[in-house]
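Working notes, structure below.
This structure is a prediction, so every number in the text was calculated from the model and none was measured. All chains are named by letter (A, B, ...) in the order of the sequence lines, taking the proteins before the strands, and each is independently numbered beginning at 1. Computed from heavy atoms alone, side chains included, the values below leave out hydrogens, waters and symmetry copies.
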Amino acid sequence: MDYRRTYLRDLLASEPGVEVSAYGWVKTRRDSKGIHFVQINDGSCFADLQVVVTEGAIPEAAMRQVTTGACVRFDGKLVASPAAGQAVELAADGLEVYGSADPATYPMQKKGASFEFLREIAHFRARGNTFGAVFRVRNAASDAVHRFFQDRGFLYIHTPIITASDAEGAGAMFAVSPNLTVEDGKYALKVSDPADDFFGKPAFLTVSGQLEAETLALAMTNVYTFGPTFRAENSNSTRHLAEFWMIEPEMAFCDIVGNMNLAEEFLKDVIGTLLDRCAADLEFFNKRIEPDLLATLGHVVESPFERMTYTEAIRLLEASGEPFEFPVFWGADLQSEHERWLTEKKVGRPVILTDYPKQIKAFYMKQNDDGKTVRAMDVLAPRIGEIIGGSQREERLDVLSARIREMGMDPDHYGWYLDLRRFGSAPHAGFGLGFERLLLYVTGMKNIRDVIPYHRAPGQADF
RNA sequence: UGCCGCAUAGCUCAGUCGGUAGAGCAGCUGACUGUUAAUCAGCGGGUCGUAGGUUCGAGUCCUACUGCGGCAGCCA
C-alpha cells in the first residue's frame, strides 16, 4: 500500500469512466431489494462518496461487514450518478474490509449526537460531519496563518515551551520542576542547593513567547510564533483551554497603528482564505451551527474594523442606557457584557480598542504622554469577545525600568529583556491571537473544547 | 473558583398528585429495483449517577457526594 493513493475528494471531482479504489470509513448504508448504497468518507472533504453495490457484484456475506464505522476499500468504476445528490458514484465490484465495527456497540450513530456526548468519544468524533469539518478548517487555517506571514517576510521562530520567566502576568503557570514549593503564590526550590534541581531554578510551561519573540524581532525585524501555550487558571468557560495554540507576531519599526493594521489584515486574509478553500465545510456550519455565519464572515472581510480608544468606549457604554451588571467607569476593566454590547449591539463587527489605562495592562506596554494610558490594542469580536491582545512595546530603558519597579517587580529578573532597550532598542509592537478563538469565530462553534481534537481543561486530560 | 441547571434504554428525552418504566432515534429480523436523515412491519433492550434519609411505598420528596453543562470571573 502506498500513501500516495487517491483521496475521495479527488474521486468526487473526477470524470466518470475510470476504474478506481476508494478507501474510507462507512458513514451509513441504505439497502433496497437487489441494491446497496454505502456512503464512505476519508476526511479529505465534506462530501461522502456514494458506493453502489448491485446484487451479485459482491458476496452478501462480505457486505454484512459493511456497517457504520467499518473501514473498507471498494473497487469499481466511477460512473455518473443517475440520481440527484451527487455527480458521480462508485459502481463497486470489489470489497476489502480492513476493520469491521460492531453496529450494536459502535458509539457513533447515523443520527446526530450532542457535542457533550461526542466529547466523551472524542477518539471517534472526527469521523462525523461536524468534527471532520472542524478539523479540516483547523488545518486550512493553520496553513493560512503561515502563508500570511511568510508572504510578508515574517520569519517563523520557535520560542521555548519550558521557561523560567514567570512574571509576565499573563496567567497562572504549570510547574515543570519536581522540586517546587509554593508560598503565597511564589514558587521556590525546595532543594537547598539549586544545582540539585534540573534547571537550577523554578521552571514552568510557557504562557507566552512574547518576551523571547521581542529579542528575535530586534534582530530580524518581523517574526512570528505559532505554538502551544499553557495557562493553569482554574477557568471553566466555553472560551478557555489549559493548553491552546497561540500566534504571536512581533515587529520592529512598528507602532500601534501598524499593529492594528496587521491584526485587521491578518483576520481578513485568513477568513477570506477559508471562505474560498473550505466552502463546503463553512456552508455546513452556516446551515447547522450558526445561521448567519457566511454573511457575517463576508461582512468582516469587506468592511473596515471599527477603531476607538478605551476612553471613547467607556463614554459609549456610559451613554448606552443599558442596565449592566458591572459598573462602567474610566479605569475599570471591560466585562464580557460590555464587550458584547460594543461588538454585537453597537458596532456589529470586530472592534479594536486602544489606549487602555496603564493600571489594567501589562508592564511592557508603551506609555502614552498623558501618563495615564498605554498603547494597548485589543480586538474584540462578536460572540467570542477578545480574540487578539497586543500593544506597542515600551522601548525606552528608563521608562520601562521605572514601570517594573513601580509594579513591585524585580528588575534583576528582566536583565536580558532590559538589555534589549539598552543596546539597539527600536520601536516595536506585536500581539497574541488565540488560534482556537479564531476557529470559534470562523466555524460558529460555541465551545472552544470542540475546535481542538483533545481539549485540556480543569479536570479534563482524557485521551 | 462562584452561581445556576442537569443526571431515566446505546443516543436524545418524557415520566402528572409519591403507587410495579415510556417514546423517538439507533441496533436486530423481515419487506421493498435507485436510496441519500430512505420507507414500511416486527423484536430485543433499564441497578432511573452513588450513598444515606423520609414514607406502607421513592425515578418522583430531603441531604451529601460524584460527574457533566451553562453563565460569571480569569484570559488569548
For G19(B) and C3(B), measure between their P atoms and round to the nearest Å.
-> 33 Å

Within 45 degrees of the axis of the six-membered ring of Phe131(A) and under 6.0 Å from its centre: does Arg125(A) put its NZ or CZ there?
-> yes

Nearest atoms (heavy-atom pairs only) where Ser142(A) meets Phe435(A) | OG-CZ, 3.3 Å

Can you tell me if the side-chain N/O atoms of Gln460(A) get under 4.0 Å from OP1 or OP2 in G69(B)?
-> yes

Please confirm whether Phe124(A) and Tyr106(A) have ring centers closer than 6.0 angstrom.
-> yes

Is there a Watson-Crick or G-U wobble partner for G2(B) with both distances under 3.5 Å, and which nucleotide is it?
-> C71(B)

Phe435(A) aromatic ring stacked with six-membered ring of A76(B), 5.5 Å and 30° = no

Phe326(A) backbone acceptor or donor facing Gln335(A) side chain under 3.5 Å | no

Among the nucleotides C71(B), U35(B), C75(B), whichever has the atom closest to the side chain of Thr238(A) is C71(B)

Ion pair Lys268(A)/Glu264(A), N-O distance below 4.0 Å | yes

Hunt down the Watson-Crick or G-U wobble partner of A51(B), both distances under 3.5 Å, from any strand shown, or write none.
-> U63(B)

Quick one: is Arg119(A) getting a side-chain N or O under 4.0 Å of the G69(B) phosphate, OP1 or OP2?
-> yes

P atoms of A14(B) and G73(B), separation to the nearest Å = 30 Å

Rounded to whole angstroms, how far apart are CG on Asp462(A) and C1' on C68(B)?
-> 12 Å

Check the distance between C68(B)'s P and Phe115(A)'s CZ and give it to me in whole angstrom.
-> 19 Å

Below 4.0 Å: OP1/OP2 of G10(B) and any side-chain N or O of Gln109(A) = no

How many Å lie between CG on Asp31(A) and P on C40(B), as a whole number?
-> 16 Å

Take atom CZ of Arg30(A) and atom C1' of U39(B), then tell me their distance rounded to the nearest Å.
-> 12 Å

Does Ser32(A) put a side-chain nitrogen or oxygen below 4.0 Å from OP1 or OP2 of C32(B)?
-> no

What's the closest nucleotide to the Ser237(A) side chain, out of G34(B), C11(B), C74(B)?
-> C74(B)

Nearest of A76(B), U35(B), G27(B) to any side-chain atom of Pro103(A)?
-> G27(B)

Any side-chain N or O of Arg64(A) less than 4.0 Å from the OP1 or OP2 oxygen of U29(B)?
-> yes

Spacing between Arg239(A) atom CZ and C75(B) atom C1', to the nearest angstrom = 9 Å

Would one find a side-chain N or O of Thr105(A) under 4.0 angstrom from OP1 or OP2 of G10(B)?
-> no

Check whether any side-chain N or O of Arg340(A) sits under 4.0 Å from OP1 or OP2 of A72(B), and answer yes or no.
-> yes

Using the P atom as the reference point in each nucleotide, state the distance between A76(B) and U8(B) in Å, no decimals.
-> 38 Å

Quick note, Asn447(A) side chain, CB onward, closest among G69(B), G73(B), G34(B) is G69(B)

For A37(B), does OP1 or OP2 lie under 4.0 Å from any side-chain N or O of Thr28(A)?
-> no

Salt bridge Arg393(A)-Glu250(A), side-chain N to carboxylate O under 4.0 Å | yes

Ionic contact status for Asp450(A) with Arg119(A), cut-off 4.0 Å | yes

Scan every strand shown for a Watson-Crick or G-U wobble partner of C56(B), both distances under 3.5 Å, and answer none if you come up empty.
-> G19(B)

Rounded off to whole Å, could you give me the CZ-to-C1' distance for the Phe324(A) and A72(B) pair?
-> 15 Å

Round to a whole Å and report the spacing from NE2 of His240(A) to P of G70(B).
-> 14 Å

Mind checking who A31(B) pairs with, Watson-Crick or G-U wobble, both distances under 3.5 Å?
-> U39(B)

Can you tell me the distance, in whole Å, between the CZ atom of Arg449(A) and the P atom of G69(B)?
-> 5 Å

Would you indicate which nucleotide in U33(B), A38(B), G34(B) comes nearest to any side-chain atom of Lys110(A)?
-> A38(B)

Roughly how far apart, to the nearest Å, are U50(B) and G67(B) at atom C1'?
-> 10 Å

